[in-house]
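Take a look at the structure below.
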Amino acid sequence: MSTNVLRTADGWWVVRGHRATRIETKAATTAELIAERGAVREAAASAATGTPVADLVALSPVTTPCRVVAQMVNYRSHARDSGFTGEIPPTFFRKASGSVSGPADTVVRPSHVKFLDYEIELGLVMGAPLPLGTVVTEPDLPSYVAGLVITNDVSARDVQLTKTQFYESKSYPSFTPTGPYLALLEQEDFAHLLNLRLKLSVNGDLRQDRTLADMIVRPAEALTLLARFQTLDPGDLLLTGTPGGTALKAPPKPVEKIGALLPPAVKWKAFFKSQARNPHYLRAGDLITATIATPDGRIDLGEQRTAVADAE
């Protein structure tokens, strides 16, 4: 059974139901905490009574600096929304670890960004080094992945599309809300990953709702492909893609063909003029709610609630 860990400004806690028990550890980083599973298990054994979770202010359970890597177009439903057909090559990109924020921190839209989008993603938190050339099979996955977190790959679409710039468009401060819980997994939990359901709502309106069965490249294969060129260390974070339902969607094929004939400046001006009528982009005052859990509650990453505000 997985163990949910919560991080606050003054320590780490094991969560059971509505109560939390402090973990007796001097760990300052996620990697250091993962190395102290004995202390986590000891706290879990006495977690039935403790501090009310509601009294704790949760920080991101993934400490920074760390590597933050993400998979692009990794759910079939998102591929359809994005206008992809046929085979989609596995693609990765990096995010600045300075974008990682807490599960209740405000998502701040920079003043030059008009089209702010959401992407709920399952985050894999590494528990062991992933050297170059590593081949990870499904049975191997527990040897490399320590736990899971909810992440939101917030995206400035006007920066992403006009500049073909993933790093900048997804790396502004507050653009990777993470948590509330780090679910540390036992070996038997990995057999239940495909049952995990990702849900994201904006102001109570359900926008994204899919299980990992919709995923194109699953975690073991993703780590193998990533290890061709990228090492990872304990505490590093891999975002595994988002399902369909984001605000951004590809235009109809006839419109796309016409747009391909236009100069880039004219094409993007026309595209974003049409996007301005899309009510699903995030605006100041919106509340984003995200959950990831199995139906039986065996793995439950908690609820992430983040408000949206404009930069002052």
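Each residue takes its place number in the sequence, starting with 1.
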Any donor-acceptor pair under 3.5 Å from Thr178 side chain to Thr176 backbone = yes
Give a yes or no answer on whether the side chain of Ser171 reaches the backbone of Ala96 with a donor-acceptor pair at less than 3.5 Å.
-> yes
When you check the gap from the basic side-chain N to the acidic O, do Arg41 and Glu186 get nearer than 4.0 Å?
-> yes
So, are Arg157 and Glu119 salt-bridged, with charged N and O less than 4.0 Å apart?
-> yes
How far does [atom1] of [X] sit from [atom2] of [Y], to the nearest 0.5 angstrom?
X	Y	atom1	atom2	value
Thr134	Tyr144	OG1	OH	5.0 Å
Arg197	Asp300	CZ	CG	14.0 Å
Leu237	Leu232	CG	CG	9.5 Å
Ser82	Leu248	OG	CG	6.5 Å
Ile292	Thr211	CD1	OG1	11.5 Å
Met72	Ile216	CE	CD1	10.5 Å

According to a 4.5 Å side-chain heavy-atom criterion applied to Ile, Leu, Val, Met, Phe, Trp and Tyr, with indirect links allowed, do Val217 and Ile120 form part of one hydrophobic cluster?
-> yes
Does the side chain of Asn74 reach to within under 4.5 Å of the side chain of Met215, using non-hydrogen atoms?
-> yes
With the side chain counted from C-beta on, respond yes when Asp158 and His112 share a heavy-atom pair under 4.5 Å apart, and no when they do not.
-> no
Heavy atoms of other groups near His18 NE2, more than 12 under 6.0 Å | no
What is the ring orientation for Phe166 with Phe93, classed by angle as parallel under 30°, tilted 30 to 60°, or perpendicular over 60°?
-> tilted
